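The structure under discussion appears below in the form of structure tokens.
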Amino acid sequence: QVQLVESGGGLVQPGGSLRLSCTASTNIFSLNILAWYRQRPGNARLLVATINDGGVTDYADSVTGRFTISRDIMQNTLYLQMSSLKPEDTAVYYCGAPLQHYFGQGTQVTVSS
């Protein structure tokens with residue numbers, strides 16, 4: 001069973017930045033597509049960003065220009081660099097490998113003054 005472990009969440013002021021990390025217990029290149037999701041209380045989990053095995057990225061409209069997804073294949077780690085954070089970005093953030101239905105346990109991001 002592949003494990004994905006997120007880290008890097010926390011409390012940040014509006015306009016601030018955070019970098020989330022997701023370390024996999026397997027070679028992430030073999031997972032083909034990796035993604036970040038977020039879920040606000042009482043709402044469904046939403047796709048935030050994806051990166052495929054070719055390094056092509058895609059983003060939800062709400063985070064385009066503010067968030068950057070990247071990966072370090074040698075470290076088996078996925079990243080989400082978040083900047084210009086807004087209160088509405090507050091959520092639990094999950095990394096995942098959607099083709100294999102692997103997901104992490106999530107890390108809380110709170111944007112508040």
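Side chains are part of it too, since the values below use all heavy atoms of this structure and drop only hydrogens, waters and symmetry mates. Just so we're clear, the structure is a prediction, and the values are computed from it rather than from any experiment.
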Looking only at non-hydrogen atoms, find the nearest pair between Ser84 and Asp89 and report the distance.
O-OD2, 4.4 Å
Within this structure, what is the OH-CZ distance for the pair Tyr79 and Arg71, rounded to the nearest 0.5 Å?
12.5 Å
Partner of Ile69 under side chain to side chain contact (heavy atoms under 4.5 Å, CB included), chosen from Leu34, Leu20, Ile51:
Ile51
Kindly check if the number of other-residue, nucleotide or ligand heavy atoms within 6.0 Å of CD (Gln39) is above 12?
yes
Would you sort out whether Tyr93 and Leu80 count as a side chain to side chain contact (heavy atoms under 4.5 Å, CB included), showing the intermediate values?
CA-CA 10 Å; Tyr93 284 73; Leu80 185 68; 4.1 Å; yes
Output for pair (Asp72 CG, Leu78 CG), nearest 0.5 Å, gives 10.5 Å
Aromatic ring pairing Phe103/Tyr37, orientation class (parallel under 30°, perpendicular over 60°, tilted between):
perpendicular
Which heavy-atom pair separates Leu4 from Cys95 by the least distance, and what is that distance?
CB-SG, 3.7 Å
Common cluster, Val12/Trp36, ILVMFWY with side-chain heavy-atom separation under 4.5 Å:
yes
Heavy-atom closest contact (Lys86 atom, Val111 atom, distance)
O-CB, 3.2 Å
Are side-chain heavy atoms of Met82 and Thr68 found at a separation under 4.5 Å?
no
Please determine whether residues Tyr102 and Ile33 belong to a single hydrophobic cluster, defined as Ile, Leu, Val, Met, Phe, Trp and Tyr linked transitively by side-chain heavy-atom distances below 4.5 Å.
no
Non-hydrogen atoms of Asn76 and Ile28 that approach each other most closely:
OD1-N, 3.3 Å
Identify the heavy atoms of Glu6 and Gly106 that sit nearest to each other, and give their distance.
OE1-N, 2.8 Å
For the pair Arg40 (side chain) and Glu88 (backbone), establish whether a donor and an acceptor sit closer than 3.5 Å, ignoring hydrogens and angles.
yes
Using only atom types and a distance under 3.5 Å, with no angle test, would you say the side chain of Thr90 pairs donor to acceptor with the backbone of Thr110?
no
Could you tell me the separation between the CG atom of Asn27 and the CD1 atom of Ile73, rounded to the nearest 0.5 Å?
7.5 Å
Rounded to the nearest 0.5 Å, what's the gap from SG on Cys22 to CD on Gln105? Could you check?
11.0 Å
With a 4.5 Å limit on heavy-atom distance, are the side chains of Leu31 and Gln100 in contact?
yes
OG-CG distance between Ser62 and Leu46, expressed to the nearest 0.5 angstrom:
8.0 Å
Taking the six-membered ring of Tyr94 (Phe, Tyr or Trp), confirm whether the NZ or CZ of Arg38 is under 6.0 Å from its centre and within 45° of its axis.
no
State, yes or no, whether a side-chain contact exists between Ser112 and Pro87 at a heavy-atom distance under 4.5 Å.
no
Should Leu85 and Phe67 count as side-chain neighbours, where that means a heavy-atom distance under 4.5 Å?
yes
Is there a side-chain contact between Val109 and Leu11 in this structure, where contact means two heavy atoms from C-beta onward sitting under 4.5 Å apart?
no
Rounded to the nearest 0.5 angstrom, the CD-OG distance for Gln81 and Ser17 is 6.0 Å
